[in-house]
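Each chain gets a letter, A, B and so on, in the order its sequence line appears, and its residues count up from 1.
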Protein chains: 2
Amino acid sequence: MVADTWLEQLHDNGYRVTAARRAVVDTVHSSTHALTPIEVYDQARKKYRVLGLVTVYRTLEKLEELHLIQRVHQPQGCQAFISAGIGHQHLLLCKNCGDVAFFEGDDLDALTASIAKKTGYQIQEHWLQLFGLCGKCK
Amino acid sequence: MVADTWLEQLHDNGYRVTAARRAVVDTVHSSTHALTPIEVYDQARKKYRVLGLVTVYRTLEKLEELHLIQRVHQPQGCQAFISAGIGHQHLLLCKNCGDVAFFEGDDLDALTASIAKKTGYQIQEHWLQLFGLCGKCK
DNA sequence: TACTTATTGAAAATGATTTTCAATAGCGAA
DNA sequence: TTCGCTATTGAAAATCATTTTCAATAAGTA
Ligand SMILES: [Mn+2]
Ligand SMILES: [Mn+2]
Ligand SMILES: [Zn+2]
Ligand SMILES: [Zn+2]
């Protein structure tokens, strides 16, 4: 499975590759939905029955630290994680089924320049997230 | 104080105007920083000593319901609230001092149209938030 | 002023996340 | 391969944020 890259990254950063971590990594890596720790736990336990919820938290923490996953902020809550895109990407979430798509190529330079001028702020980062209905749900 | 509008709104929606609510409303209304429930509690207690933290939660809930305040999502957490802007506005946050500015006039129509085409999604809403340094901090 | 009932704060309950700890297992060195 | 060090594990306890319960109080209308 393609999740091998994540395991390699863990290993290259001095973390051990264990059965518990493999189960968590497989689960999160293969999901197109943002998953909460409990959801990861439930799914990963199908692959590795003795997994503990604490280990899910600890593994997610490391994956986030390595920028392999990212936290997804939504009106209903902000505990879910999803595979991080490569490079500068943003999320597009289906309000019906929760499916997540990535997109890039947003050009906010003109906007940020104008806002910087108006507000006197020096702008460094932006969060942009779109919500709607996916092809199947609309 | 200008917070009277919020109190009127509470009253017009069938909620009673109490000393506890006045203290919470004054605090949140006059802040240019996003405040967590505990922070609201600490500040509001200077105005109304016997205030309970539960009442802060309950009042914030009502203010949010009436769209007078909004939750602010940040890397460090998503529990803080700030006065909601009027109409369609977005936030610009100072990463140093936490000061919040509002802006409007973003035009994402071209972007969303292009993303809709590429992804097959029907786009309904967007979240946009900028981070940087305010005039004083930069 | 009197009455109805929304609101209050304290305390307990809940839910999510973190810490502690002794047993285990990954992995680099020999 | 085997060995030994130590990172990792899961259970249980602790912590932290938020919600619920409840009896006393006070807002607002008649
Ligand atoms: Mn958030
Ligand atoms: Mn906008
Ligand atoms: Zn969908
Ligand atoms: Zn600042």
Side-chain angles (χ1 to χ4, degrees), chain A residues 3-4 6-28 34-66 69 71-81, chain B residues 3-4 6-28 34-66 69 71-81:
Chain A
D4 284 349
W6 290 15
L7 296 174
E8 267 173 45
Q9 292 249 31
L10 283 170
H11 186 262
D12 292 351
N13 283 78
Y15 296 122
R16 294 181 181 172
V17 175
T18 67
R21 285 182 180 161
R22 253 188 279 267
V24 171
V25 162
D26 276 5
T27 300
V28 180
L35 300 175
T36 62
I38 284 280
E39 288 169 342
V40 172
Y41 176 68
D42 288 338
Q43 294 195 27
R45 253 158 64 96
K46 293 173 187 163
K47 300 168 184 170
Y48 183 64
R49 206 166 295 106
V50 298
L51 178 67
L53 178 58
V54 206
T55 299
V56 172
Y57 276 96
R58 289 190 280 224
T59 305
L60 291 175
E61 190 178 75
K62 286 174 179 59
L63 293 175
E64 189 181 26
E65 174 195 317
L66 298 177
I69 62 173
R71 187 178 292 270
V72 177
H73 298 261
Q74 287 182 267
Q76 321 93 50
C78 307
Q79 323 79 358
F81 291 89
Chain B
D4 284 348
W6 289 16
L7 295 174
E8 268 174 42
Q9 292 250 30
L10 283 170
H11 186 262
D12 292 350
N13 283 79
Y15 297 120
R16 295 182 181 173
V17 174
T18 67
R21 285 182 180 161
R22 253 189 278 269
V24 171
V25 162
D26 276 5
T27 300
V28 180
L35 300 175
T36 62
I38 284 281
E39 289 168 343
V40 172
Y41 176 67
D42 288 339
Q43 293 195 28
R45 254 159 64 94
K46 293 172 187 162
K47 300 168 184 171
Y48 183 64
R49 206 168 296 105
V50 298
L51 177 68
L53 178 57
V54 207
T55 298
V56 173
Y57 276 96
R58 290 190 279 224
T59 305
L60 291 175
E61 189 177 75
K62 285 174 179 56
L63 293 176
E64 189 182 25
E65 173 195 318
L66 297 178
I69 62 172
R71 186 178 294 269
V72 177
H73 299 261
Q74 287 181 267
Q76 322 94 50
C78 306
Q79 323 79 357
F81 290 88

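Interatomic distance, B:Leu63 CG to B:Arg21 CZ, rounded to the nearest 0.5 Å: 9.0 Å. Here the CG atom belonging to B:Leu66 is positioned 4.5 Å from the CG atom belonging to B:Asn13, to the nearest 0.5 angstrom.
The nearest heavy atom of DNA chain C to A:Arg58 and to A:Ile38 marks one nucleotide each, and the one closer to the 5' end goes with A:Ile38. Mapping B:Pro37 and B:Arg22 onto DNA chain D by nearest heavy atom places B:Pro37 closer to the 5' end of the strand. Heavy-atom nearest nucleotides on DNA chain D were determined for B:Tyr15 and for B:Val54, and the one closer to the 5' end corresponds to B:Val54.
Regarding contacts with the backbone of D:dA7, every side-chain N or O of A:Thr18 stays at 4.0 angstrom or more from both OP1 and OP2. OP1 and OP2 of D:dA7 both lie 4.0 Å or more from every side-chain N or O belonging to A:His11.
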Inset, instruction - Apply side-chain contact (heavy atoms from CB on, under 4.5 Å) to A:Val17 and A:Val25, showing your working. - result: CA-CA 10 Å; A:Val17 175; A:Val25 162; over 6 Å; no
Legend entry - side-chain contact (heavy atoms from CB on, under 4.5 Å) evaluation trace for A:Val28 with A:Trp6: CA-CA 10 Å; A:Val28 180; A:Trp6 290 15; 4.2 Å; yes
Inset, instruction - Please step through side-chain contact (heavy atoms from CB on, under 4.5 Å) for the pair B:Leu53 and B:Tyr57, ending with a clear verdict. - result: CA-CA 7 Å; B:Leu53 178 57; B:Tyr57 276 96; 3.8 Å; yes
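Of the candidates D:dT9, D:dT18, C:dT8, C:dT8 carries the atom nearest the B:Ala20 side chain, counting heavy atoms from C-beta on.
Following rounding to the nearest Å, A:Lys62 (NZ) and D:dT8 (P) show an atom-to-atom distance of 6 Å. Atom CG of A:Leu60 is separated from atom P of C:dA16 by 15 Å (rounded to the nearest Å). Here the C1' atom of nucleotide C:dC27 and the CG atom of A:Leu10 are 15 Å apart, to the nearest Å. Put simply, CZ on A:Phe81 is 8 Å from P on C:dT17, counting in whole angstrom units. Rounded to whole angstrom, the span from the CG atom of B:Leu53 across to the P atom of C:dT7 amounts to 18 Å. Spacing between atom CD of B:Glu64 and atom P of D:dT19 amounts to 10 Å, rounded to whole angstrom units. Distance, A:Arg71 CZ to C:dT17 P: 8 Å, rounded to whole Å. If you take CG of B:Asn13 and P of C:dA6, they are 15 Å apart, rounded to a whole angstrom.
Contacts of B:Tyr48 with the nucleic acid, taken as non-hydrogen atoms under 4.0 Å apart, involve only primed sugar atoms and P, OP1 or OP2.
At a cut-off of 3.5 angstrom, the base of C:dT5 holds at least one donor-acceptor pair with the side chain of B:Arg16.
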